[in-house]
Number of protein chains: 2
Amino acid sequence: MNDGDKGAGPSARSKRADARRNQETLLDAAASVFVASGVEAPVRDIAAKAGVGVGTIYRHFPTRADLIIAVYRHQVEACAEAGPALLASSATPHAALGQWINLFVDFLVTKHGLAAVLRSDNTSFDTLHSYFIDRLLPVCTQLLDAAAGAGEIRPGLKAYELMRGVGNLCIGAEHDPGYDARRLVALLVEGLRQPR
Amino acid sequence: MNDGDKGAGPSARSKRADARRNQETLLDAAASVFVASGVEAPVRDIAAKAGVGVGTIYRHFPTRADLIIAVYRHQVEACAEAGPALLASSATPHAALGQWINLFVDFLVTKHGLAAVLRSDNTSFDTLHSYFIDRLLPVCTQLLDAAAGAGEIRPGLKAYELMRGVGNLCIGAEHDPGYDARRLVALLVEGLRQPR
DNA sequence: TTGTCAAGCGGAACAACGTTCCGTATCTTT
DNA sequence: AAAGATACGGAACGTTGTTCCGCTTGACAA
């Protein structure tokens, strides 16, 4: 889990030099297109931006999901690592949970269309969904358990449900000035609180 | 606004007999396919089920959104009308709001893919979104204002945000046994409550 | 330096979708 | 019964994701 083998195949070692260069170029182009047109931008647009053929994309990233994972891996990693840190530095577990969820929401809301694609019923995005779950669910579980253990929240809500709910609330937030996903999420987290 | 001119053109009077018959057949076929395959089922499937060509669908329903609206109009109407009734019959406005939202959630969750399509960035679904907003937002506003007036909920949340949030929470609920949209929505409504 | 060849590349080609178009069939009216 | 308006079917178009294959090119041995 240190280097890279999930989304992009061997990323540093081995293989031809031009291939490695192209992979780099593709990641940059994809990141740039994702910002400009959202995560659901046509593959052809990314290929054009990178100056390569579509075949090259599929050589490096067997599916769109793998490309998206590769582009955002660092940020997801950072989010995952922030969990334990917040738990250590915050006043209460519930506060840590709230702050961590804010991180998660900020991440989703600033990546146009990512939350939506996470919930797409297109099966080719299953691996994207799985990646998020695999990486972030344990972190969320830890925070949730801590808060539950401290008696701050009502028990019984699974971390999976919370994450799905939060992710859902972020869908489309970037296109709609009249909708503040952060506020809704805050309300949800508030509703989680133990009446006392 | 009494009869029908929004989604389906003139629905009862005028025009040829076979056209009227086809429109009926189409609504039945669409309803049936929506149940079986979800709201995003291919237009060709609906045409096949109805035994007509795709052109016929577009003659009657200029866009997919219009077809969806026509299929669900009755239920949306019922939901809208339930608002004031609940307000009159419930113990408190907040209770009425909660029950009304439950109705809305039940409606969305049982229509495969409807919540998702409501949030699709495909512009051809804008009119579907608008229809829901036009018809249900005033009802939600009334309930929300009543609850706010009674001091039961913290003020400042727009009805639009609430509806969007609830709609979002319902996305994908039908495919995922591990996710209970109703529970999340209940948590959200709970979070809305005035702290004291 | 040059020859060889697997690795990699570009983009044509395919399938699935929403939507449009128009020649043909059918209903309605006179 | 004939004429005209109306509606129908489905081929055709544009846009997607994805696959495939002939050609190019980098790497390495001689």
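Just so we're on the same page: letters track the sequence lines, and every chain starts at 1. The structure presented is a predicted model; accordingly, all values stated were derived computationally and were not measured.
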Nearest-angstrom distance from the residue atom [atom1] of [X] to [atom2] of [N]:
X       : N     : atom1 : atom2 : value
A/Gln23 : C/dA7 : CD    : P     : 17 Å
A/Ile57 : C/dC9 : CD1   : C1'   : 12 Å
A/Leu26 : C/dG8 : CG    : C1'   : 13 Å

Terminal contacting nucleotides, 5' and 3', DNA chain D versus chain A (heavy atom, 4.0 Å):
D/dT16 to D/dA27

Contact residues, residues 38-56 of chain B to DNA chain D [heavy atom, < 4.0 Å]:
B/Arg44, B/Gly51, B/Val52, B/Gly53, B/Val54, B/Gly55, B/Thr56

List the residues meeting salt bridge (Lys or Arg N to Asp or Glu O under 4.0 Å) with A/Asp18, not counting sequence neighbours, and say none if there are none.
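If we apply the salt bridge (Lys or Arg N to Asp or Glu O under 4.0 Å) test to A/Asp18, skipping adjacent residues, the hits are A/Arg16.
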
Kindly write out the residues that satisfy salt bridge (Lys or Arg N to Asp or Glu O under 4.0 Å) with A/Glu174, not counting sequence neighbours, or none if the list is empty.
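Once residues adjacent in sequence are excluded, A/Glu174 has no partner under the salt bridge (Lys or Arg N to Asp or Glu O under 4.0 Å) criterion.
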
Does a side-chain N or O from B/Asn122 land closer than 4.0 Å to OP1 or OP2 of C/dG18, or not?
no

Does anything in residues 146-166 of chain A pair up under ring-ring contact (aromatic ring centres under 6.0 Å, His included), and if so which pairs, sequence neighbours excluded?
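Applying ring-ring contact (aromatic ring centres under 6.0 Å, His included) to every pair that reaches into residues 146-166 of chain A, excluding sequence neighbours, yields nothing.
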
Could you list the residues that satisfy side chain to side chain contact (heavy atoms under 4.5 Å, CB included) with [X], not counting sequence neighbours?
X        : value
A/Arg119 : A/His129, A/Arg164, A/Asn168, A/Ile171, B/Ile171
B/Ser120 : B/Asn122, B/Phe125
A/Glu40  : A/Val117, B/Asp121
B/Val105 : B/Ile101, B/Val109, B/Val166, B/Cys170, B/Arg182, B/Val185

Going by chain and number, the hydrophobic cluster around B/Val35 (ILVMFWY, side chain to side chain under 4.5 Å) further includes none

Side-chain donor-acceptor contacts of residues 149-159 of chain B below 3.5 Å, not counting sequence neighbours, with atom names and distances?
unit_1   : atom_1 : unit_2   : atom_2 : d
B/Glu152 : OE1    : B/His94  : N      : 2.8
B/Glu152 : OE2    : B/Thr92  : OG1    : 3.0
B/Arg154 : NE     : B/Gly191 : O      : 3.3
B/Lys158 : NZ     : A/Gly178 : O      : 3.4

Protein heavy-atom contacts under 4.0 Å, written 5' to 3' over nucleotides 24-30 of chain C as B (base), S (sugar-phosphate only) or - (none), form the string --BSS--

Using a distance-only test with no angle check, is there a side-chain donor-acceptor pair under 3.5 angstrom linking A/Lys15 and A/Gln23?
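No - no donor-acceptor pair under 3.5 Å links their side chains.
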
